[in-house]
Amino acid sequence: MIATIVNCAAVLLGSFIGILFGKQVKEPQKEILFVSAGLVSLIIGIKMSLESNHVLFIMISLVLGGLAGHALGIENGILRFGTFLQSRFRTGKDSKNFAFGFLNASVLFCVGAMAIVGSFNAGARGDYEVLFTKSVMDGFMAIALTAAMGIGVAFSALSIFVYQGALTLLGAVAVNYLSSAAMTELTGCGGALVIMIGLNLLGIKQIKTANFLPALVVVLLLSLGEPLFL
């Protein structure tokens with residue numbers, strides 16, 4: 001769990017720095033931060049998605065996962081939680097984008113392959129290198145996101161702690177059942193979700209990204225049955 005705690009601390013530190021600088025950043029500068037964060041998200045997402053060997057898996061997963069997420073109301077649930085936190089920690093001007101910042105930062109920091117692989121490595125082998133590297137990346141991203149979207153980004157540390165903490169505890173068991181092929185497809189589908197975040201940040205298309213999180217489960221199931229598609 002030490003690596004997950006470090007990751008949370010990095011996001012909190014980055015958010016704190018972002019809050020300090022955010023007060024001095026005007027709208028044109030904030031737009032630059034949004035564009036920069038959006039482009040980086042697109043680059044990371046495209047790189048991840050290209051690792052997939054079965055684009056059809058990603059398509060099926062996004063369709064079925066998106067429909068399931070919509071039916072479950074995942075995005076609305078996360079936004080309600082963000083609104084709850086906002087009501088407890090109002091910060092004037094920043095409160096306007098609290099839920100938006102919390103949601104986008106939570107998805108961005110949690111759906112990537114580094115979070116999954118890093119947590120498994122930490123739980124199964126005590127190898128923290130991946131999560132420590134991710135912590136540095138997340139810290140810098142938190143600076144830009146917080147300056148652009150407010151303090152809601154800082155509370156994504158809660159999502160990181162719960163998500164990566166759970167994966168770390170399950171890592172010792174799960175690593176014995178997931179093949180390299182399954183991890184590859186999981187990475188590719190996660191990349192598609194990161195691309196959605198990039199599109200949101202760039203203002204190209206507002207997508208309810210959280211509703212597509214079940215796609216990660218669907219692509220994993222498809223990967224386990226990969227021999228049937230060969």
Side-chain angles (χ1 to χ4, degrees), residues 1-19 37 40-41 44-45 47-48 51 74-75 77-79 81-82 84-85 88-89 98-99 101-146 149-178 180 182-191 193-194 197 209-210 212-217 219-220:
M1 290 291 289
I2 182 64
T4 295
I5 294 175
V6 170
N7 200 166
C8 293
V11 169
L12 290 174
L13 177 60
S15 298
F16 177 72
I17 295 174
I19 291 172
V40 171
S41 297
I44 294 175
K47 180 180 179 181
M48 290 172 57
E51 293 188 26
I74 294 177
E75 173 119 349
I78 295 177
L79 286 175
F81 182 58
F84 168 77
L85 292 176
R88 296 296 186 274
F89 301 91
F98 189 103
F102 171 75
L103 172 61
N104 282 277
S106 294
V107 176
L108 179 61
F109 295 150
C110 291
V111 302
M114 294 184 75
I116 299 172
V117 176
S119 296
F120 284 168
N121 284 346
R125 300 197 297 268
D127 182 358
Y128 304 137
E129 182 178 4
V130 175
L131 284 187
F132 283 157
T133 301
K134 176 179 178 293
S135 298
V136 176
M137 295 174 60
D138 288 354
F140 280 110
M141 285 296 293
I143 296 175
L145 291 175
T146 304
M149 292 184 284
I151 198 174
V153 175
F155 285 83
S156 65
L158 293 174
S159 303
I160 295 173
F161 182 78
V162 173
Y163 178 75
Q164 289 185 181
L167 286 178
T168 299
L169 294 177
L170 292 173
V173 176
V175 75
N176 296 321
Y177 298 95
L178 291 180
S180 59
M183 288 302 302
T184 296
E185 299 310 317
L186 201 59
T187 298
C189 190
L193 299 187
V194 175
I197 295 173
T209 310
F212 288 87
L213 288 176
L216 297 175
V217 177
V219 77
L220 183 59

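Interatomic distance, CG of Leu131 versus CG of Asp138, reported as 9.5 Å (0.5 Å rounding). To the nearest 0.5 Å, atoms CZ (Phe212) and SG (Cys189) are separated by 10.0 Å. How far CZ of Phe109 is from CG of Leu145: 5.5 Å, rounded to the nearest 0.5 Å. Taken to the nearest 0.5 Å, the CG atom of Leu12 stands 8.0 Å off from the CG atom of Leu158. Within the model, atoms CZ of Phe16 and CD1 of Ile151 stand 10.0 Å from one another, a figure rounded to the nearest 0.5 Å. Once rounded to the nearest 0.5 Å, the distance linking CD1 of Ile2 with CG of Asn7 reads 11.5 Å.
Closest approach of Val194 to Met48, counting heavy atoms only: CG2-SD, 4.3 Å. Contact between Ala3 and Ser135 at its shortest, heavy atoms only, is O-OG, 4.1 Å. Residues Leu216 and Val219 come closest through the heavy atom pair O-CG1, 3.3 Å. Contact detail for Phe102 and Phe155: the closest heavy-atom pair is CE1-O, 3.3 Å. The two residues Gln164 and Thr4 come nearest to each other via the heavy atoms CB-OG1, 3.6 Å. For the pair Ala154 and Val11, the tightest heavy-atom approach, listed with the atom from each and the gap, is O-CG1, 4.5 Å.
Judged purely by atom type and a 3.5 angstrom limit, Glu75 uses its side chain to pair as donor or acceptor with the backbone of Thr209.
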From CA spacing to verdict: side-chain contact (heavy atoms from CB on, under 4.5 Å), Ser106, Tyr163: CA-CA 10 Å; Ser106 294; Tyr163 178 75; over 6 Å; no
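Among residues two or more places apart in sequence or in another chain, the side chain to side chain donor-acceptor pair (under 3.5 Å) test is passed with Ser15 by Thr146.
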